[in-house]
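This is a predicted model, so every value here is computed, not measured. Residue numbers begin at 1 in each chain, while the letters A, B, ... track the order of the sequences.
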There are 2 protein chains.
Amino acid sequence: MTVISHQSIRQALLGRIQSGEWALGSRIPGETDLATEYGCARTTVNRALQALADEGLVVRKRKGGTRVCHMPVRQAKFEIPILREQVGAAGCDYSHRLVSNKLKLPPPPVRSRLHIPAGEKAAHMQTIHYADSRPFAYEERWVNTQTVPEILTAPLDIISANEWLVKTVPFSSGDVAFSAVNANEKIATALETNVGAAIFVIDRTTWLDDAFITTMTLYYKEGYKLHSQL
Amino acid sequence: MTVISHQSIRQALLGRIQSGEWALGSRIPGETDLATEYGCARTTVNRALQALADEGLVVRKRKGGTRVCHMPVRQAKFEIPILREQVGAAGCDYSHRLVSNKLKLPPPPVRSRLHIPAGEKAAHMQTIHYADSRPFAYEERWVNTQTVPEILTAPLDIISANEWLVKTVPFSSGDVAFSAVNANEKIATALETNVGAAIFVIDRTTWLDDAFITTMTLYYKEGYKLHSQL
DNA sequence: AAAATTATTATGTGCATACATAATAACATG
DNA sequence: CATGTTATTATGTATGCACATAATAATTTT
């Protein structure tokens with residue numbers, strides 16, 4: 001075989017799981033046995049099994065051995081889209097407009113999400129993102145000026161806050177949430193759609209270690225779909 | 001150090017990336033150098049770097065070396081929720097009601113998604129999922145009876161089609177899409193909400209190798225949020 | 001100078017070995 | 001019989017080595 005052994009073994013094992021040869025929750029042969037069977041080193045089998053474990057297909061326990069996951073929750077992995085790329089990929093021209101950019105007191109939910117002390121202000125900005133000069137998404141963002149004071153002097157009319165943050169504080173951690181809301185007056189106006197339209201929403205908060213950076217809500221033009229494999 | 005070396009090295013490297021010591025897109029030292037620096041084998045550094053590459057933080061090329069990803073698209077990973085678990089986790093009782101279950105001609109979009117020949121029928125079922133006897137999600141599903149004929153005799157009033165499929169054809173591949181729609185009459189009735197309400201939607205199609213199994217649309221009760229880390 | 005060939009380099013992979021560690025089973029002890 | 005102690009076992013990790021491979025750089029050939 002010219003193929004890579006640990007990957008083809010992973011594939012072989014996956015096949016035996018999918019075919020039902022090893023039932024849900026059942027224990028599969030030990031690494032040593034499999035190594036003998038496939039004629040390779042235990043290391044190689046180990047690597048294949050770890051990969052399957054990472055994907056949530058098997059559960060491994062010391063001494064307990066490896067067993068097929070009895071509750072196969074396949075996990076979907078998808079890339080948080082970057083608007084410019086997303087628009088570009090669709091063959092459209094990307095642009096954005098900073099509607100407002102003020103320093104003011106954040107409402108309690110935002111304050112707690114960004115761990116901002118009471119009475120402290122934060123940067124609030126509203127941006128409309130366009131694809132070929134048609135609104136594509138509306139962004140509402142709060143930035144913690146204690147952790148990222150440089151945002152105050154950034155040229156946000158030229159580079160969007162999102163991109164500025166990606167360049168300035170890349171590799172931050174965060175959490176995301178997806179939901180749907182009916183467009184209110186403000187959203188409908190920004191996206192040039194009707195009040196009440198079903199809008200796909202992404203909420204996102206990011207931080208770096210203990211420093212909370214930004215929280216953002218992104219309202220997509222109606223009809224938007226986010227795709228992913230699993 | 002009592003900690004595991006390849007993980008702590010991964011952590012150390014991550015720190016150097018996050019701190020900006022290695023700028024976006026810049027090349028980082030080779031495995032051999034890093035191994036010397038951290039006083040470990042190249043294999044160990046390799047493992048740490050591969051992990052970072054899997055997470056999309058660095059890009060590795062043979063001969064080209066390893067460089068910090070210049071366009072850091074962090075990918076979110078999340079588990080496709082299983083309704084029963086989801087409801088149970090919220091401390092509610094799960095139940096479901098099979099509203100209809102018929103064999104009929106699928107509409108063209110469904111037919112092509114499941115690769116069903118023209119003129120061939122497929123199983124169509126509508127299910128309402130409840131949390132504490134309040135509607136939680138409404139499911140509309142088509143099952144390819146050529147690949148999974150057993151579905152026709154499954155007791156779908158007792159076990160939901162979803163769970164039956166998970167048990168019968170686990171570990172299938174698939175794709176997912178998220179979107180938002182306004183509730184129409186049918187959805188509104190099923191979810192006991194108003195027509196026009198913003199509904200979070202999950203579309204999902206699954207297959208095993210070449211065999212297309214099922215396609216499903218899940219309409220969540222308004223206000224639902226799907227969370228994830230990144 | 002353009003194109004084809006060869007060397008170099010950094011990562012990719014596999015293997016044998018050794019030892020660590022968590023979970024369990026077997027055993028002994030009060 | 002309950003309980004604490006000691007094997008046993010399967011996975012987890014690290015290492016040194018060898019060789020494969022892709023991408024680039026250097027060289028030669030046309």
Side-chain angles (χ1 to χ4, degrees), chain A residues 1-17 21-72 171, chain B residues 1-17 21-72 171:
Chain A
M1 282 205 272
T2 97
V3 277
I4 300 131
S5 164
H6 80 265
Q7 282 195 18
S8 51
I9 287 180
R10 191 202 84 96
Q11 206 52 38
L13 298 175
L14 176 61
R16 293 170 81 168
I17 290 171
E21 175 180 339
W22 295 323
L24 286 186
S26 70
R27 181 166 167 182
I28 76 176
E31 295 183 346
T32 321
D33 295 341
L34 288 171
T36 311
E37 181 181 339
Y38 287 105
C40 66
R42 181 171 81 88
T43 320
T44 308
V45 173
N46 182 290
R47 201 164 164 184
L49 283 171
Q50 294 230 10
L52 291 175
D54 282 345
E55 297 165 53
L57 291 166
V58 299
V59 179
R60 322 192 69 205
K61 270 208 309 218
R62 279 167 167 158
K63 164 86 181 181
T66 304
R67 32 187 77 242
V68 179
C69 184
H70 91 288
M71 217 277 291
F171 310 114
Chain B
M1 282 205 273
T2 96
V3 277
I4 300 131
S5 163
H6 80 265
Q7 282 195 19
S8 50
I9 288 179
R10 191 202 84 96
Q11 204 55 36
L13 298 174
L14 176 61
R16 294 170 80 169
I17 291 171
E21 176 180 338
W22 295 323
L24 287 186
S26 70
R27 181 165 165 183
I28 76 176
E31 294 182 347
T32 321
D33 295 342
L34 288 171
T36 311
E37 182 181 338
Y38 288 105
C40 67
R42 182 171 81 88
T43 319
T44 308
V45 173
N46 182 289
R47 201 164 163 186
L49 283 171
Q50 294 230 9
L52 290 174
D54 282 345
E55 297 165 53
L57 290 165
V58 299
V59 180
R60 322 191 70 203
K61 269 205 313 215
R62 278 165 169 163
K63 165 87 181 180
T66 304
R67 29 186 81 244
V68 179
C69 184
H70 92 289
M71 218 277 291
F171 309 113

Measuring only between side-chain heavy atoms, which start at C-beta, is I28(B) closer than 4.5 Å to L49(B)? yes
R62(B) has a side chain; which of dA10(C), dC15(C), dA22(C) sits nearest to it? dA10(C)
Distance check, rounded to the nearest 0.5 Å: R67(A) atom CZ versus C69(A) atom SG? 11.5 Å
Selection: residues 21-39 of chain B, any non-hydrogen atom under 4.0 Å of DNA chain C: R27(B), G30(B), E31(B)
Once hydrogens and angles are ignored, does a donor-acceptor distance under 3.5 Å link the base of dG12(D) to the side chain of R42(A)? yes
Nearest heavy-atom contact between S5(B) and T44(B) is OG-CG2, 3.4 Å
What heavy-atom pair brings C40(A) and V45(A) nearest, and what distance separates the two atoms? SG-CG2, 3.7 Å
For the student: nearest non-hydrogen atoms of H70(A) and L24(A), plus distance: O-CD1, 4.2 Å
Residue-phosphate contact under 4.0 Å: T66(A) side-chain N/O, dA10(D) OP1/OP2: no
Could you tell me which non-hydrogen atom of S26(A) sits nearest to which non-hydrogen atom of A23(A), and how far apart they are? OG-O, 2.8 Å
If you define the side chain from C-beta out and look only at heavy atoms, does anything of L13(A) sit under 4.5 Å from L57(A)? no
Using whole Å, what does the distance between atom C1' of nucleotide dT13(C) and atom CZ of R60(B) come to? 12 Å
Between S5(B) and dT13(D), is there a side-chain N or O to OP1/OP2 distance below 4.0 Å? no
Whole-Å distance between dT13(C) C1' and Q7(A) CD? 10 Å
Under 4.0 Å from any atom of DNA chain D, heavy atoms only: list the residues of residues 43-59 of chain B that qualify, in numerical order. T43(B), T44(B), R47(B)
Which sits closer to the 5' end of DNA chain C, A41(A) or K61(A), going by the nucleotide each is nearest to? A41(A)
Identify whether any heavy atom of G64(A) sits under 4.0 Å from a base atom; if not, whether one sits that close to sugar-phosphate; answer base, sugar-phosphate or nothing. nothing
Heavy atoms from C-beta onward define the side chain here; which of dT13(D), dT24(C), dG12(D) lies closest to that of K63(A)? dT24(C)
Distance-only side-chain donor-acceptor flag, N46(B) / Q50(B), under 3.5 Å: yes
About how many Å separate CD1 of I9(B) and CZ of R47(B), when rounded to the nearest 0.5 Å? 11.0 Å
